[in-house]
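Structure record follows, encoded as structure tokens.
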Amino acid sequence: MKTFLVIGAGQFGTYLCEKLNDLGHEVMAVDKSEEKLKSVLPFAVSALIGDGTDMEFLRSLGVNNFDVCFVTVGDRFQDSLEITSLLKDCGARYVVSRASRAIQKKFLLRNGADEVVYPEHALAMWSAIRYSADNILDYIELPGANSIFEFRVPEAWVGKTIGELDIRRRYHVNIIGIKKNGELEVVVSPDTILSGETSIMVIGRDKDIEKCFHI
């Protein structure tokens with residue numbers, strides 16, 4: 001279990017708190033607005049009204065005790081810059097700040113962010129790739145032009161074994177799991193037979209996956 005500080009209880013911050021709570025972690029949420037904090041109360045061990053741009057207030061939170069501090073104030077970019085910088089000044093171990101536009105990432109990194117998330121950009125990229133081909137069901141981008149894709153099993157592959165297809169040798173693409181009825185099975189072998197009722201999870205370089213699945 002890890003401990004997280006989330007500063008900013010807007011929509012993104014609330015979803016973040018909910019998921020962290022679902023994963024079994026402890027979350028403290030902070031926002032200027034009492035009304036916004038009401039939405040995160042079911043998911044946080046504590047929710048405090050306060051100004052993240054106030055150095056003394058941040059110090060009172062003991063930010064150095066949290067594994068990760070998230071800055072999710074969203075549309076208040078000046079506040080986001082100040083909070084990011086102040087968190088580092090207060091000894092925060094790891095700061096993840098949200099950007100609303102690409103140019104903001106550079107400034108947040110300069111002001112102390114260890115990492116910057118850009119949810120609108122990430123969702124746009126995911127949507128473009130997900131819906132660009134009928135056989136793509138899901139997509140996760142990895143560093144270095146690599147990705148994990150979930151594909152419907154191509155019709156020509158149905159009834160064949162993974163060994164027969166030999167896509168690892170032919171395309172340098174690895175099948176890492178098979179999903180059926182929402183359940184993922186990660187134990188696969190060359191003798192595993194592919195069915196039209198299943199989808200497959202593959203990992204590889206983007207250019208190799210594109211060539212293998214004709215996308």
Side-chain angles (χ1 to χ4, degrees), residues 1-131 137-141 150 182-184:
M1 182 186 69
K2 289 187 175 183
T3 56
F4 294 86
L5 173 64
V6 178
I7 301 179
Q11 194 171 59
F12 179 71
T14 299
Y15 288 147
L16 181 62
C17 291
E18 181 178 4
K19 188 58 180 179
L20 289 170
N21 178 69
D22 287 345
L23 293 170
H25 301 298
E26 288 190 354
V27 182
M28 175 186 284
V30 172
D31 200 282
K32 290 180 180 179
S33 168
E34 181 179 2
E35 190 63 30
K36 285 184 177 181
L37 284 174
K38 290 179 182 178
S39 64
V40 302
L41 285 175
F43 318 117
V45 294
S46 60
L48 301 177
I49 302 170
D51 184 358
T53 63
D54 183 332
M55 171 73 90
E56 293 307 313
F57 173 70
L58 287 182
R59 282 179 175 158
S60 73
L61 301 178
V63 298
N64 59 305
N65 295 317
F66 293 93
D67 292 294
V68 180
C69 297
F70 284 99
V71 183
T72 60
V73 293
D75 56 350
R76 304 191 304 274
F77 182 59
Q78 184 60 42
D79 286 357
S80 184
L81 282 175
E82 290 184 30
I83 294 168
T84 298
S85 180
L86 291 174
L87 282 170
K88 277 302 185 180
D89 289 343
C90 290
R93 301 183 201 173
Y94 200 85
V95 177
V96 180
S97 299
R98 178 193 177 189
S100 299
R101 293 183 294 162
I103 194 171
Q104 294 176 352
K105 179 177 181 179
K106 175 173 64 176
F107 292 105
L108 287 165
L109 290 171
R110 286 180 178 177
N111 275 264
D114 295 288
E115 192 169 346
V116 175
V117 293
Y118 186 4
E120 290 83 2
H121 177 264
L123 181 57
M125 294 291 289
W126 181 90
S127 298
I129 292 172
R130 163 65 179 84
Y131 296 104
L137 299 176
D138 205 352
Y139 157 78
I140 302 172
E141 183 179 3
E150 179 183 355
E183 297 294 326
L184 179 63

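Since the structure is predicted, the reported quantities are computational estimates derived from the model, not experimental observations.
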Close side-chain approach of Leu20 to Phe70, heavy-atom, < 4.5 Å: yes
Name of the residue among Val63, Asn64, Leu61 meeting side-chain contact (heavy atoms from CB on, under 4.5 Å) with Leu87: Val63
Pairwise side-chain contact, Val27 with Val40, heavy-atom cut-off 4.5 Å (strictly under): no
Heavy atoms from other residues, nucleotides or ligands near OH of Tyr15 exceed 12 (cutoff 6.0 Å): no
Lys36 backbone acceptor or donor facing Asp31 side chain under 3.5 Å: no
Any Trp126 side-chain heavy atom under 4.5 Å of Tyr131 side chain: yes
Exam field: side chain Arg98 to backbone Tyr118, donor-acceptor pair closer than 3.5 Å: no
Minimum-distance pair of heavy atoms, taken over all atoms of Leu37 and Ala9: CD2-CB, 4.1 Å
Atom CD of Glu120 with >12 non-hydrogen neighbours under 6.0 angstrom: yes
Lys106 side, atom NZ; Arg110 side, atom CZ - distance, nearest 0.5 Å: 5.0 Å
Inter-residue atom distance Leu137.CG - Glu150.CD, 0.5 Å rounding: 4.5 Å
Close side-chain approach of Leu108 and Val71, heavy atoms under 4.5 Å: no
Pair Val30-Phe57, side chain to side chain contact (heavy atoms under 4.5 Å, CB included): steps then yes or no: CA-CA 11 Å; Val30 172; Phe57 173 70; 3.6 Å; yes
Residue that, paired with Phe43, satisfies side-chain contact (heavy atoms from CB on, under 4.5 Å) out of Lys19, Glu18, His25: Glu18
Enclosure of Leu23 CG (heavy-atom neighbours >12, cutoff 6.0 Å): yes
Shortest non-hydrogen contact between Thr72 and Gly8, atoms and distance: OG1-O, 2.7 Å
Heavy-atom check, side chain of Phe12 versus side chain of Val117, under 4.5 Å: yes
Test item: Ser80 side-chain N/O and Arg76 main-chain N/O as donor-acceptor pair under 3.5 Å: no
Value rounded to 0.5 Å, distance of CD in Glu26 from CZ in Phe4: 11.0 Å
Verdict with supporting geometry, Lys88 and Asp114, salt bridge (Lys or Arg N to Asp or Glu O under 4.0 Å): CA-CA 9 Å; Lys88 277 302 185 180; Asp114 295 288; 2.8 Å; yes
Rounded distance [0.5 Å steps], NZ in Lys32 versus CD1 in Ile7: 11.5 Å
Thr3 side chain near Asn65 side chain, heavy-atom distance below 4.5 Å: no
Separation between CE of Met55 and CG of Asp89, rounded to the nearest 0.5 Å: 4.5 Å
Polar side-chain atom of Ser85 near backbone of Leu81 as donor-acceptor pair, under 3.5 Å: no
Residue pair Glu34 / Ile49: nearest heavy atoms and the distance that separates them: CB-CD1, 3.6 Å
Nearest atoms (heavy-atom pairs only) where Ser97 meets Thr84: OG-OG1, 2.7 Å
Close side-chain approach of Asn21 to Cys17, heavy-atom, < 4.5 Å: no
Atom pair SG/CZ of Cys90 and Arg59 - distance to nearest 0.5 Å: 5.5 Å
Heavy-atom check, side chain of Leu86 versus side chain of Ile83, under 4.5 Å: no
